Structures are given as C-alpha cells and as structure tokens.
Protein chains: 2
Amino acid sequence: MRLVTRDREATGERILAAAAELFAEHGYDQVTVRMIASAAGANVALVNRYFGSKANLFATVLITASTVTAAIEGDPAEMPSRLAEHVAHRLRTGASEPLVRMLDRAGTSPEIRAVLAARVETGLVDAISARLPGPQARERALLATVIILGAGSLRRLLGPEGLHDADLTVLEARLETAFRACLAPAGG
Amino acid sequence: MRLVTRDREATGERILAAAAELFAEHGYDQVTVRMIASAAGANVALVNRYFGSKANLFATVLITASTVTAAIEGDPAEMPSRLAEHVAHRLRTGASEPLVRMLDRAGTSPEIRAVLAARVETGLVDAISARLPGPQARERALLATVIILGAGSLRRLLGPEGLHDADLTVLEARLETAFRACLAPAGG
DNA sequence: TTTTCAAGTATACGCTTGTTTACTATCGTG
DNA sequence: CACGATAGTAAACAAGCGTATACTTGAAAA
C-alpha cells in the first residue's frame, strides 16, 4: 500500500509543483523557501533536504517546465502568426507557460541567470532557429526571442491595466507582421 | 576615501551618481545601500539621511536618468533606423542609457515596479507615440517598446558571449525592418 | 579663541534570508 | 513487541539587508 502521510516522493513532488507555480508567478528573487514550503504543506527544512538548495530547486523546476513548443513547432511559414497569437494572448491574460514567465521575471543573481540563459538558448533560440529554413537562422531566431521576452517585460511592468486602453487585436496583427519581419528568410 | 571638504550637496551628488551607475549595472535588487555608499565614498547612513530610503533614491535616479530621446526625436520616418541602430549598439556593446538598463533589470518589488512603469510610459511609450502620425499610435509605440525591452532582456540573459556568433549587422538590419513593421501607420 | 551646528561616522537594531542542526514521530520489519 | 531507518519537525544558525541612533569632527560664526 502507498503511504499517505509519510511519502518522501510525494512530498518532493508537492514542493516541486509549488515552486514551479510560485517561481512562475513571482520570479526567483521574490519567492522564499518558506513560501514554497508553506504552499506545498511541507516543512521548510525539507526543501533544502530534498533539493539541496533553492537555486538547485529552481534549476530542477526549469528542467521540468514546458516551453513554447506548441507555438514554435509546425509549419515555419505560419510560425509568425502562432507566435503572435501566443504573445498577444499572454499580453491579454497575463497567463503563459511557466518557462516564459520565469524568463522575463528572471532573477538577477548570476547563478540563476546562467541556468536561465541556457534554457533560453535551447528552449527558444535553438528551437526556433532549428525550424527556420534559409540563412541567418540564428539571427532571426534571436529577434523573435527579443519580442517574446520584451512582451513579457512590458506586461510585467505595465500590468493588465496598463494595456487596457490598447486594442489587443491590433497588437496581435502588428505582432504578426513584426514576427514575420524578424523571421523572414530574406533580410532587410 | 578622505574628503577634502565637507560638502553635503557634493556628497549627495556622488551618492546619486554612484547609485545611477550601480542600479544600471546590476539592477535594483542586487544593489545594496552599502555598495552605493562605498562607491560614492560616503557613509552608509548618509544614503538614507539624504534620500530618505533606498526606494526613494532609486526614484530620484530614475527622474535624473536620461532616456532614449535621441533615437526617438527627429523625423518619424527614420525612427525605425535610429531605434535599430540604438538597440543594435546596445546588443553589441552592452552599454546603454541608464534608464533602459534599469528597465530590463527591473526590480521585482511592487513599489519599484510602479515608478519604473511610470517611467516607461512617459519615457518610451508616450514619447514614441507622440511622434507617430496616423492611427493606432499607442499600439505601435507599445510594440516598439516591446523590442527595446526585449533586446535588453536578451542581452542581460545571454551576455556578450552569447551574441558573439551572431552577425550584429544582420541583427541591426532586421531590427530596422521589425521596428518598421511595428511603427508603420498601415497595420498588417 | 571659543562656540555652534551640520556633515560625517560608527555601530547596532530589527528583520528576513537560505541553510543546518538536533529532535520527534511513524513506519516496515526482525 | 521492539527496533532501527527515515519522513517530518522545531528551532536556531550566520549572514545580509535597510534603517535608525548616538556620537565625533570640522569649519565657519561669535
């Protein structure tokens, strides 16, 4: 029979889930291990006991976290519209995939930045450029990443009310042309 | 550091300058008042004595900090190329105006976010949209702001070495088309 | 010179952080 | 049952933070 009350694995997963939720919502710096433990219904010491350190827990969360693959995968010709829809939806609702949320709420400490940078490389830049035919794939992917990250920054900075007076359908349409300009095989 | 004179105003300005430098370099959260005081060659207590609080000092720095006005002002038709050059130069060198650097290293505490958001509104979004003829000026300005902020995020995340293998002249050319797509009067 | 007052200093307060240490409680098993 | 392994707990650790206090110093006014 599975243990209900004293289950190390289950507790560890609760901690991991709580950490993913909180990191995505508030960013690395603003989340304390006590917040994580409280949200997971676990003792503070278990966070460090099971994951070694807060930074390591964050890295574990990042590995587990999904990416924007849904918008990236598929026909490259329609990637601009998918990305535009994804970003526009993000601007509209504030919701997004955990990875992206954590990216633009990036912690400022160097060790965290490093693991985040690696994740951006693989989860965004490389993932996008791998699907781009033609030359300058990396540069084009970098620019698309710029928009994705920038939208997160703007949303975080201005909040929902800061975008209320903006027409979001207009934003989405223009986002698509912007993505298209970034991703087009022919430059300039 | 030994002072030649006891000049409150000069000391205050040294603190302000040191704070501007450090905030732009490392972001609000990572900078301590002791770092500021040390860089300014002043005592720790003077920071709070002269500026009330760290948050208030940050706000003062933000007010003093210059903006990207040089790239924004001028013929709107050439704003895309000016912005692209500005952003590309930023990606290349890592140097940028204090305001923009502080923006994408935004602190995560709510009170800091508020003053930053206000500064983005006036210094970027409003400044750009005011110079845009035609409809949807705010939406177009928002998208340009997205790129500006996103470039800062990417640069911060990947660092100089993360962009070494990318052709920055290509990036600048594509940035210009992206800005043009964002800022063009005719949508879609 | 003496007085005076603000500039500057040294230090510590209260708090929060991540982390660790001893301890308790509960389980499977001999 | 008893016992040992271990999940979980309570508490404190050391360090760092912003901030406040009480003191010292130096230059100008008297």
Side-chain angles (χ1 to χ4, degrees), chain A residues 1-20 22-23 25-62 105 107-115, chain B residues 1-20 22-23 25-62 105 107-115:
Chain A
M1 283 291 282
R2 290 286 296 254
L3 298 179
V4 180
T5 50
R6 286 161 58 95
D7 189 334
R8 174 177 182 138
E9 189 181 353
T11 304
E13 284 175 3
R14 286 207 319 279
I15 292 174
L16 199 63
L22 287 168
F23 282 146
E25 186 64 27
H26 304 105
Y28 181 81
D29 292 333
Q30 297 300 301
V31 174
T32 70
V33 293
R34 284 169 178 82
M35 289 169 62
I36 297 172
S38 174
N43 189 275
V44 201
L46 295 183
V47 176
N48 282 282
R49 166 115 75 217
Y50 292 164
F51 293 94
S53 69
K54 181 191 177 187
N56 193 64
L57 169 60
F58 183 76
T60 308
V61 166
L62 263 197
R105 316 216 140 194
T108 39
S109 60
E111 55 175 343
I112 295 305
R113 220 198 50 184
V115 62
Chain B
M1 183 184 297
R2 178 132 159 76
L3 296 182
V4 284
T5 55
R6 288 158 55 101
D7 189 336
R8 175 179 181 137
E9 188 180 353
T11 304
E13 283 175 4
R14 286 208 318 279
I15 292 175
L16 199 63
L22 288 169
F23 282 146
E25 186 64 27
H26 304 105
Y28 182 82
D29 292 332
Q30 298 301 303
V31 173
T32 71
V33 294
R34 285 170 177 81
M35 288 170 62
I36 297 172
S38 174
N43 189 275
V44 200
L46 295 183
V47 176
N48 281 281
R49 168 113 77 214
Y50 293 164
F51 293 93
S53 69
K54 181 191 178 186
N56 192 63
L57 170 60
F58 183 76
T60 308
V61 165
L62 264 197
R105 318 215 139 192
T108 39
S109 62
E111 55 174 345
I112 294 305
R113 220 198 51 184
V115 61

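We use all heavy atoms of the structure for the numbers below, so side chains are in, but hydrogens, waters and symmetry mates are not. Given the structure is predicted, the values throughout are model-derived calculations rather than measurements. In the text below, chain A, chain B and the rest are named by the order of the sequence lines, each starting its count at 1.
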Enumerate, atom names and distances included, each donor-acceptor pair closer than 3.5 Å involving a side-chain atom of residues 42-52 of chain A, sequence neighbours excluded.
unit_1 : atom_1 : unit_2 : atom_2 : d
N43(A) : OD1    : A45(A) : N      : 2.9

Criterion side-chain contact (heavy atoms from CB on, under 4.5 Å) on Q30(A) and D29(B), from CA distance to verdict: CA-CA 10 Å; Q30(A) 297 300 301; D29(B) 292 332; 4.3 Å; yes

Nucleotide dA7(D), atom C1' - distance to CZ of R14(A) in whole Å: 11 Å

Whole-Å distance separating the CD atom of E9(B) from the P atom of dG8(C): 12 Å

Spacing of L57(A) atom CG relative to dT17(C) atom P, expressed in whole Å: 16 Å

N/O donor-acceptor pairs under 3.5 Å from side chains in residues 31-40 of chain A, not counting sequence neighbours:
unit_1 : atom_1 : unit_2 : atom_2 : d
T32(A) : OG1    : R34(A) : N      : 3.4
T32(A) : OG1    : M35(A) : N      : 3.0

Collect all protein-nucleotide pairs involving nucleotides 14-18 of chain D in which both atoms are nitrogen or oxygen and the distance is under 3.5 Å.
unit_1  : atom_1 : unit_2 : atom_2 : d
dG18(D) : OP1    : K54(B) : NZ     : 2.9
dG18(D) : OP2    : V33(B) : N      : 3.1
dG18(D) : N7     : R34(B) : NH1    : 2.9
dG18(D) : O6     : R34(B) : NH2    : 3.1

Proximity to the side chain of V44(A) - top-ranked nucleotide from dT19(C), dT26(C), dT9(C): dT19(C)

Residues forming a side chain to side chain contact (heavy atoms under 4.5 Å, CB included) with A55(A), sequence neighbours excluded: Y28(A), S53(A), E111(A), I112(A)

Between dG18(C) (C1') and L46(A) (CG): distance, integer Å: 15 Å

Between C1' of dT25(D) and CZ of R6(B), the distance in whole Å: 5 Å

Any R8(A) side-chain N or O less than 4.0 Å from OP1/OP2 of dA7(D): yes

Whole-Å gap separating P (dT20(C)) and CG (N43(A)): 14 Å

A45(B), nearest nucleotide to its side chain (from dA10(C), dA7(D), dT25(D)): dA10(C)

Interatomic spacing from NZ in K54(B) to CG in L57(B) - rounded to 0.5 Å: 9.5 Å

Value in whole Å for how far the C1' atom of dG8(D) lies from CZ of F51(A): 15 Å

Distance test, side-chain N/O of Y50(A) to OP1/OP2 of dG8(D), below 4.0 Å: yes

dT19(D) base / R49(B) side chain donor-acceptor hit below 3.5 Å: no

Separation of dT19(D) C1' from I15(B) CD1 (nearest whole Å): 14 Å

Side-chain N or O of T11(A) closer than 4.0 Å to phosphate OP1/OP2 of dG8(D): yes

